[in-house]
*Asks:* 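I am attaching a structure below and will ask some questions about it afterwards.
Just so we're on the same page: letters track the sequence lines, and every chain starts at 1.
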There are 2 protein chains.
Amino acid sequence: MLKNQTIPKATVKRLPLYYRYLRILFDSGKQKVSSKELSEAVKVDSATIRRDFSYFGELGKRGYGYDVEKLLDFFAKTLNDDRLTNVALVGVGNLGNALLKYHFHQSNSIRISAAFDVREDIVGKIVDGIPVYPISDMEEQIRIQQIDIAILTVPADKGQENAEKLVAAGIKGIMNFTPARLTVSSDILVQNVDLTNELQTLIYFLNHYKKEQTGE
Amino acid sequence: MLKNQTIPKATVKRLPLYYRYLRILFDSGKQKVSSKELSEAVKVDSATIRRDFSYFGELGKRGYGYDVEKLLDFFAKTLNDDRLTNVALVGVGNLGNALLKYHFHQSNSIRISAAFDVREDIVGKIVDGIPVYPISDMEEQIRIQQIDIAILTVPADKGQENAEKLVAAGIKGIMNFTPARLTVSSDILVQNVDLTNELQTLIYFLNHYKKEQTGE
DNA sequence: CTGTGTGAAGGAGTTCACAGCG
DNA sequence: CGCTGTGAACTCCTTCACACAG
């Protein structure tokens, strides 16, 4: 299988899963791992795992498995986890606050380095080590800190306007917790995380499918 | 297309999207809508929308479009949103707290009706109208309140054990915010919501795909 | 004439099953 | 001999394009 080919989306979504479990294995001192072992831990079929890995070249050794450290290093580079990624957060409400305290960098190099809000009682404060700026400082801070990803946790009816401000400020990717479906230029990546949606879907499956797996 | 067939997963995941937008249309007094209009609002191809709807029978009128109220009612029933669904929450930490205050029932009938935690300083309190019980009360409360869905927001290393307690208490579906991949019997539905995962995926796409859409 | 519903084609992802490398 | 890497089959989903109902 050729390297440098574009990796299927479905594969990319599983990479962080593999990466996390490899770190656990590494920390526990394990040196090798087979696709079968990995499969049981991350609940992904072992053939799918081998296929996923194969897109990146021949990462394993036949009859042996995969070298844990080598694979961990490889994924760290692939996922850009060997360098710091600063992220902005817009909307320090209930959810925004929780995310400020959510340590994405458990052993990852992702961190929220700036938050923005309109509320006067919170602007200027430092929440959990992260400064909260007024929206008017967005463009400046995003430029200075070279941020290109933002988490959007504003009320639904403020979603679109804040997305536009973010794009104007130079953001390239938005993790959108708003139920609004954002309209942005096609070179901006939007990852929707819609909690109500997720719950309603789960309820539907529960009532109609019974005994089956939902997947992601 | 036959009714009563099983609806594709991909379709089910979009139903809440349609449902939400139909309510907006209804509230604004609109009476009919075409798949094209819907398509622009929810960012789903219009052919996909028509296909999705067709699984449920002939919901529209040719040359006219869809009747907003009729469709809204239909989806309310389909998504069980015409009756109350109680949900439990386990782990009242940062994220758990935010979810207690997150109004799933903006105009939905989903509500968190019981929370559970181990921390003595919070057990017995009422957070945002929701009582926080000790874990030992889990089985009783879940039975009494006939809850069959739980949101799991405990630390990663407590995920599996709490999932097992939930299953023992009779839960049928778990929305898992823990990075742990739960091992549960196959009749239990697990919906994983992995925020770090989501962010890392977004970062990967940003660095490798450029100018493209991520989808969900 | 308009916009749905759908057959047919196309594309994406998963899984089987096994050749073959270490 | 064991486990990877992968051709081939398969399943699932999306999109095209158009017959046809209102």
Side-chain angles (χ1 to χ4, degrees), chain A residues 1-15 17-18 22 25 30-68 70-71 74 201 205 208-209 212-216, chain B residues 1-15 17-18 22 25 30-68 70-71 74 201 204-205 209 212-216:
Chain A
M1 181 110 348
L2 274 98
K3 285 183 93 167
N4 261 2
Q5 208 190 335
T6 144
I7 312 298
K9 279 183 194 180
T11 295
V12 174
K13 291 188 184 176
R14 286 186 292 264
L15 297 184
L17 228 49
Y18 302 144
L22 284 167
L25 287 178
K30 228 163 168 280
Q31 305 212 332
K32 69 164 183 172
V33 66
S34 69
S35 60
K36 188 144 170 292
E37 278 174 273
L38 222 45
S39 171
E40 279 152 27
V42 300
K43 321 284 182 200
V44 172
D45 185 272
S46 68
T48 300
I49 293 179
R50 292 200 301 282
R51 175 80 55 192
D52 283 348
F53 288 3
S54 79
Y55 292 118
F56 297 98
E58 308 214 350
L59 264 34
K61 295 186 193 67
R62 296 178 192 232
Y64 172 88
Y66 301 89
D67 183 84
V68 171
K70 192 183 146 212
L71 209 51
F74 179 79
T201 302
F205 284 130
H208 297 259
Y209 283 45
E212 259 187 64
Q213 282 293 93
T214 321
E216 230 53 353
Chain B
M1 181 116 340
L2 273 97
K3 287 184 87 166
N4 261 1
Q5 208 189 333
T6 144
I7 311 297
K9 280 184 193 178
T11 295
V12 174
K13 290 187 184 177
R14 285 186 291 265
L15 297 184
L17 228 50
Y18 302 146
L22 282 168
L25 286 180
K30 227 162 169 286
Q31 305 214 331
K32 69 165 182 171
V33 65
S34 68
S35 59
K36 187 143 169 291
E37 277 175 273
L38 223 43
S39 171
E40 279 151 27
V42 300
K43 322 284 182 200
V44 171
D45 185 272
S46 69
T48 300
I49 293 178
R50 292 199 301 281
R51 174 79 57 191
D52 282 347
F53 288 3
S54 80
Y55 292 118
F56 297 97
E58 309 215 348
L59 264 33
K61 295 186 194 70
R62 297 180 191 227
Y64 172 87
Y66 301 90
D67 183 84
V68 171
K70 192 182 146 210
L71 209 51
F74 179 80
T201 302
Y204 182 93
F205 283 130
Y209 283 46
E212 257 189 65
Q213 281 294 92
T214 320
E216 232 53 352

*Asks:* Return the CZ to CG distance between A:Arg50 and A:Asp45, rounded to the nearest 0.5 Å.
*Replies:* 8.0 Å
*Asks:* Rounded off to whole Å, could you give me the CD1-to-P distance for the A:Ile49 and C:dT14 pair?
*Replies:* 12 Å
*Asks:* I'd like to know if the side chain of A:Glu37 and the backbone of A:Ser34 have a donor-acceptor N/O pair within less than 3.5 Å.
*Replies:* yes
*Asks:* Specify the separation, in whole Å, of atom CZ of B:Phe53 and atom P of C:dT4.
*Replies:* 9 Å
*Asks:* Can you tell me how far P of D:dT4 sits from CG of A:Asp52, to the nearest Å?
*Replies:* 13 Å
*Asks:* Is the number of heavy atoms from other residues, nucleotides or ligands within 6.0 Å of NZ (A:Lys36) greater than 12?
*Replies:* no
*Asks:* Starting from P on C:dG5, measure out to OH on B:Tyr64 and report it in whole angstrom.
*Replies:* 13 Å
*Asks:* Using atom CZ of A:Phe56 as one end and atom C1' of D:dG5 as the other, report the distance to the nearest whole Å.
*Replies:* 15 Å
*Asks:* How would you list, by chain and number, every residue that makes a side-chain hydrogen bond (donor to acceptor under 3.5 Å, both in side chains) with A:Lys43, sequence neighbours excluded?
*Replies:* B:Thr183
*Asks:* If you only use heavy atoms from C-beta on, which nucleotide in D:dG5, C:dG5, C:dG13 is closest to the side chain of B:Ser54?
*Replies:* C:dG5
*Asks:* Nearest-Å distance, OH (B:Tyr55) to P (C:dG7)?
*Replies:* 11 Å
*Asks:* Quick one: B:Tyr66 OH to C:dT2 C1', roughly how many Å, whole number?
*Replies:* 13 Å
*Asks:* To check you understand the geometry: which heavy-atom pair defines the closest contact between B:Arg14 and B:Asp52, and what is its length?
*Replies:* NE-OD2, 2.7 Å
*Asks:* For the atom pair OG1 (B:Thr48) and CZ (B:Phe53), what is the distance rounded to the nearest 0.5 Å?
*Replies:* 11.0 Å
*Asks:* Nearest-Å distance, CG (A:Leu38) to C1' (D:dC3)?
*Replies:* 13 Å
*Asks:* Students often get this wrong, so: under 4.0 angstrom with heavy atoms, is B:Ser35 touching a base, only sugar-phosphate, or nothing?
*Replies:* sugar-phosphate
*Asks:* Could you write nucleotides 15-22 of chain D as a row of B, S and -, 5' to 3', where a protein heavy atom under 4.0 Å of any base atom gives B, of only sugar-phosphate atoms gives S, and otherwise -?
*Replies:* BBB-BBBS
